[in-house]
Amino acid sequence: MEILIISGLSGAGKSKAASYLEDMGFYIVDNMPAGMMLKFAEFCAGGVGGRYSRVALVYDVRTAGSETELSDVLAKFRTMKVSCRLLFLEALPETIIHRYKETRRLHPLQRNGGTLEEAVRRERRIMEPVRQQADWVIDTSYLSSAQLRGELLRIFDSQGEKGGMSVSVSSFGYKYGLPLEADLVLDVRFLPNPYYVESLRRKTGMDAEVYDYVFSFPQTEGYMKRLRELLAYTLPLYAEEGKTVLVIAVGCTGGHHRSVAVTRALAEYIRGLGYQVSENHRDMTRS
């Protein structure tokens with residue numbers, strides 16, 4: 001079982017980090033006191049195969065006990081068959097103050113009075129012993145949400161940013177309208193049309209005869225070559241920007257022949273680049 005403790009300063013992005021880690025398969029528990037972590041780990045490890053394989057526990061100034069409490073827990077985890085690591089998020093005081101003023105929320109250490117700046121600087125002092133034990137420290141002062149997600153994917157996902165983005169490739173027919181969810185629309189109506197070959201008319205791009213016909217022309221290969229170059233360049237940029245799902249729609253007139261064949265080829269190519277790919281054919285069965 002893998003346990004990740006997410007800690008850090010209020011306003012540094014712990015909640016966002018937790019939500020991104022949840023998307024990566026972590027079971028998230030917020031506001032977990034150090035004294036309860038061992039019991040919870042035993043609970044998670046119980047049962048056949050364990051209840052959860054990846055658990056992230058959020059520990060912050062609201063639940064921080066003595067300076068040695070978390071250290072003692074980490075030391076005990078090392079004696080168990082548990083991988084336990086600590087992620088600490090921080091930001092510059094002026095950045096945290098600006099974020100609190102934007103959200104108009106009350107800092108946890110302001111509940112008994114005092115200024116926001118005093119609360120921020122006091123929390124930094126309280127959490128310093130935790131920071132010193134961290135396996136990773138991420139300063140979010142100048143990170144966008146997408147960049148934070150990308151950094152977490154790089155650290156905690158074996159596929160890195162590729163694992164954080166799935167690609168849906170779908171064929172469609174222009175006569176039935178554009179797919180509303182499409183991010184990229186590719187028009188392949190310029191390719192030779194199998195519809196005008198009597199023996200292929202009632203087949204689709206899923207049939208080998210139609211697929212081979214579409215790809216027998218030099219313009220198809222020329223187009224695919226340039227399209228592969230474009231996707232090899234742009235897909236990593238979409239993943240880096242933080243996109244979770246990219247929808248590529250490939251259209252021909254009826255959505256039966258050319259778009260289906262090209263969609264099949266594109267899906268195979270993108271899968272070969274290491275991305276999660278789904279392939280759909282919206283209008284292929286329409287008459």
* **Salt bridge R99-E102, side-chain N to carboxylate O under 4.0 Å** => no
* Could you walk me through whether Y223 and F190 pass the ring pair (Phe, Tyr, Trp, His ring centres under 6.0 Å) test, one step at a time? => CA-CA 10 Å; Y223 177 69; F190 66 91; 5.0 Å; yes
* Working for side chain to side chain donor-acceptor pair (under 3.5 Å), residues S199 and E209 -> CA-CA 9 Å; S199 61; E209 302 94 319; over 6 Å; no
* Asked: Looking only at heavy atoms, what is the nearest atom pair of K175 and G254, with distance?
  -> CD-CA, 3.7 Å
* **Cationic N near anionic O, under 4.0 Å, R226 to E229** => no
* **Audit row: D30, R62, salt bridge (charged side-chain N to carboxylate O under 4.0 Å, His left out) steps and yes/no** => CA-CA 11 Å; D30 196 8; R62 296 170 296 170; 3.7 Å; yes
* To do: Tell me yes or no: between the side chains of R149 and T244, is some donor less than 3.5 Å from an acceptor?
  => no
* Asked: Looking at D207 and R202, does any basic side-chain N land under 4.0 Å from a carboxylate oxygen?
  -> no
* Output all residues satisfying ring pair (Phe, Tyr, Trp, His ring centres under 6.0 Å) with F88, sequence neighbours left out; order by chain, then residue number. => none
* **H281 side chain to S171 side chain, donor-acceptor N/O pair below 3.5 angstrom** => yes
* Asked: Any link between L116 and L92 through a network of hydrophobic side chains (Ile, Leu, Val, Met, Phe, Trp, Tyr) touching at under 4.5 Å?
  -> no
* Residues K225 and E221 bridged, charged N to O under 4.0 Å -> no
* Please answer whether the main-chain N or O of M284 pairs with a side-chain N or O of T204 as donor and acceptor at a distance below 3.5 Å. => no
* Using salt bridge (charged side-chain N to carboxylate O under 4.0 Å, His left out) as the criterion, list what pairs up with R54, not counting sequence neighbours. => E2
Donor-acceptor pairs under 3.5 Å, side chain of residues 259-270 to any protein atom, not counting sequence neighbours: which ones?
unit_1, atom_1, unit_2, atom_2, d
T263, OG1, S259, O, 2.7
R264, NH1, G205, O, 2.7
R264, NH1, M206, O, 3.3
Y269, OH, R228, O, 3.2

* Asked: Considering residues at least two apart in sequence or located in another chain, which fulfil the ring pair (Phe, Tyr, Trp, His ring centres under 6.0 Å) criterion with Y176?
  -> none
* To do: Apply the test ring pair (Phe, Tyr, Trp, His ring centres under 6.0 Å) to residues F172 and Y174: give CA-CA distance (whole Å), side-chain angles for both, the deciding distance (0.1 Å), then the verdict.
  => CA-CA 7 Å; F172 73 95; Y174 273 93; 4.9 Å; yes
* To do: Tell me, please, which residues at least two apart from L237 pass side-chain contact (heavy atoms from CB on, under 4.5 Å).
  => Y233, E240
* To do: Report the residues that fulfil ring pair (Phe, Tyr, Trp, His ring centres under 6.0 Å) with F40, sequence neighbours left out, ordered by chain and then residue number.
  => none
* To do: Under the side chain to side chain donor-acceptor pair (under 3.5 Å) rule, what do R105 and S10 come out as? Steps first, then yes or no, please.
  => CA-CA 11 Å; R105 291 175 55 225; S10 304; over 6 Å; no
* To do: Check the pair R125 / E128 against salt bridge (charged side-chain N to carboxylate O under 4.0 Å, His left out), numbers first and verdict last.
  => CA-CA 5 Å; R125 291 193 300 271; E128 181 58 27; over 6 Å; no
